[in-house]
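See below for the structure under consideration.
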Amino acid sequence: MIAVVPPWNSPPLDLTLDMGEIHVWRVSLAQTESCLQSLQQTLSADERTKADRFRFPKDRSQFIVSRGALRAILSRYLNISSHILRFEYNPYGKPSLIVAQGGNTLRFNLSHSGNMAVIAITKNRDIGVDIESINPNFPCLEIAEKFFSPLEHSVLLLLPEHLQPRAFFTCWTRKEAYIKAVGKGLSIPLNQFDVSLGPGEPAALLNVEDNPEEASRWSLMELIPSSDMVAAVAVAGDCSKLHCWQWTGEF
């Protein structure tokens with residue numbers, strides 16, 4: 001699907017999510033201490049316990065901001081206080097809201113890398129999102145040979161060396177977004193399906209091994225969170241109605 005990625009705008013005060021729309025939120029994880037404390041107060045007991053397990057303060061802070069921002073954003077759609085939101089998890093660890101709070105309607109997914117997180121939200125269909133920082137020194141070809149499909153690895157090999165890191169992480173985010181949308185995580189081998197990754201090539205799920213109908217069920221969309229990062233969202237069905245919002249720290 002060819003589409004222009006919209007800019008990251010401040011959300012409207014009368015925020016609504018219509019059927020068929022996808023909202024993706026960009027969240028800076030570098031927040032003030034007062035914001036961090038306010039977000040921490042909205043977390044559940046198990047989230048606070050998980051935050052305390054992080055060895056390094058930076059990782060702990062980023063977890064608090066990402067989960068706190070997720071709560072703040074979801075609460076805007078649901079019109080309920082963020083601290084009373086409750087999540088449940090499928091056998092592969094994918095979170096969802098409990099049914100009593102709209103978990104069977106409002107679907108979301110969260111990913112973070114470095115100092116940034118992205119949160120994708122839609123209604124009545126599965127969704128996944130992934131964000132990665134582009135590391136020019138990453139052993140792209142070695143990892144791609146081990147984990148990417150033969151088609152993806154061959155495309156990467158044909159690219160000029162200076163284009164390979166961005167193409168690698170572009171491919172990685174598209175594959176991660178898809179397996180997160182399906183909700184089965186890395187139980188789906190990354191080398192058993194193909195995604196597009198060439199520069200300028202529209203994001204797409206090209207083929208799923210042993211399931212020729214699967215690719216037509218899903219849409220992929222490229223996101224550009226910053227100049228040194230790439231991201232992707234995968235959703236069941238159409239993804240033409242995409243809005244990108246910048247979280248401004250509102251509660």
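Just so you know, these numbers use all the heavy atoms, side chains as well, and skip hydrogens, waters and symmetry mates.
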* Output, in order, the C-alpha distance, side-chain angles, deciding distance and verdict of side-chain contact (heavy atoms from CB on, under 4.5 Å) for N207 and L151. => CA-CA 10 Å; N207 178 62; L151 173 64; over 6 Å; no
* With side-chain contact (heavy atoms from CB on, under 4.5 Å) as the test, would you mind laying out the steps for I121 and L106 before giving the verdict? => CA-CA 7 Å; I121 303 173; L106 197 66; 3.7 Å; yes
* To do: Could you walk me through whether F63 and R53 pass the side-chain contact (heavy atoms from CB on, under 4.5 Å) test, one step at a time?
  => CA-CA 11 Å; F63 174 82; R53 292 194 186 118; over 6 Å; no
* Verdict with supporting geometry, V27 and S66, side-chain contact (heavy atoms from CB on, under 4.5 Å) -> CA-CA 7 Å; V27 177; S66 62; over 6 Å; no
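Between L190 atom CG and I179 atom CD1 the span is 5.0 Å, to the nearest 0.5 Å. Expressed to the nearest 0.5 Å, how far CD1 of I131 lies from NE2 of H112 amounts to 10.0 Å. In this structure, L39 CG and E47 CD are separated by 11.0 Å, a value rounded to the nearest 0.5 Å. In this structure, the separation between CZ on R26 and CD1 on I119 is 13.0 Å, given to the nearest 0.5 Å. A distance of 12.5 Å separates CD in E132 from CG in D228, rounded to the nearest 0.5 Å. Annotation: the span from N115 atom CG to S226 atom OG amounts to 10.0 Å, rounded to 0.5 Å.
The aromatic rings of W172 and F148 are tilted relative to each other, their planes meeting at an angle between 30° and 60°. Using cut-offs of 30° and 60° on the angle between ring planes, the pair Y77 and H23 is tilted.
Using a distance-only test at 3.5 Å, with no hydrogens or angles considered, a donor-acceptor pair links the side chain of K175 to the main chain of F193. Counting only distance, with no hydrogens or angles, the side chain of R125 and the backbone of A236 share a donor-acceptor pair below 3.5 Å. Checking side-chain atoms of R48 against main-chain N and O of Q40 turns up a donor-acceptor pair under 3.5 Å. The backbone N or O of T170 lies less than 3.5 Å from no partner atom in the side chain of E222, so there is not a single donor-acceptor pair. A side-chain donor-acceptor contact under 3.5 Å links K123 to the backbone of L17. Not a single donor-acceptor pair under 3.5 Å links the side chain of D126 to the backbone N or O of G183. In terms of modelled atom types and a separation under 3.5 Å, the side chain of S28 and the main chain of M116 share no donor-acceptor contact. With hydrogens and angles disregarded, no donor-acceptor distance shorter than 3.5 Å links the side chain of W25 to the backbone of A117. Of the possible polar contacts, one joining the K180 side chain to the L110 backbone as a donor-acceptor pair under 3.5 Å is found. Judged by distance alone, with hydrogens and angles left aside, the side-chain atoms of E145 form no donor-acceptor pair with the main-chain N or O of H153 at under 3.5 Å.
Taking hydrophobic clusters as Ile, Leu, Val, Met, Phe, Trp and Tyr residues chained together by side-chain heavy-atom distances below 4.5 Å, L13 does not share a cluster with L78. A continuous path of hydrophobic side-chain contacts links I64 to I84 [ILVMFWY only; heavy atoms under 4.5 Å]. There is no path of hydrophobic side-chain contacts, each under 4.5 Å, that joins I188 to Y92. Tracing side-chain contacts under 4.5 Å through hydrophobic residues (I, L, V, M, F, W, Y), one never reaches L158 starting from L206; they form parts of separate clusters. In the hydrophobic clustering of ILVMFWY residues, with side-chain heavy atoms under 4.5 Å counting as a link, I98 and I80 come out apart.
Counting heavy atoms of neighbouring residues, nucleotides and ligands inside a 6.0 Å radius, atom NZ of K50 does not exceed 12 of them. For R55, the CZ atom sits in a loose shell: 12 or fewer heavy atoms of surrounding residues, nucleotides or ligands are nearer than 6.0 Å.
Using a 4.5 Å heavy-atom threshold, the side chains of C171 and L156 count as separate. Looking at heavy atoms from C-beta onward, V24 lies out of side-chain contact with W245 at the 4.5 angstrom threshold. A heavy-atom distance below 4.5 Å is found between the side chains of S44 and R71. Between Q62 and F54, every side-chain heavy-atom pair lies at or beyond the 4.5 Å cut-off. The shortest distance between side-chain heavy atoms of R166 and P199 does not fall below 4.5 Å. Within the 4.5 Å cutoff, the side chain of S96 has heavy atoms near those of the E88 side chain.
Across all their heavy atoms, G68 and T42 have their closest contact at CA-OG1, 4.2 Å. Contact detail for I134 and F169: the closest heavy-atom pair is CA-CD1, 3.9 Å. Between S81 and S75 the shortest heavy-atom distance is C-CB, 4.2 Å. The two residues Q164 and L159 have their closest heavy-atom pair at NE2-O, 3.2 Å. When all heavy atoms of A181 and A234 are compared, the closest pair comes out as CB-O, 3.8 Å. For the residue pair A120 and V233, the shortest heavy atom distance occurs at CB-CG2, 3.9 Å.
Look at E214 and R217 and you find a salt bridge, because one of the NZ, NE, NH1 or NH2 atoms lies within 4.0 Å of a carboxylate O, short of that distance.
Donor-acceptor pairing under 3.5 Å is recorded for the side chains of S111 and D130.
Proximity of the aromatic rings of F108 and F87 is defined here by a centroid distance below 6.0 angstrom, and this criterion is met.
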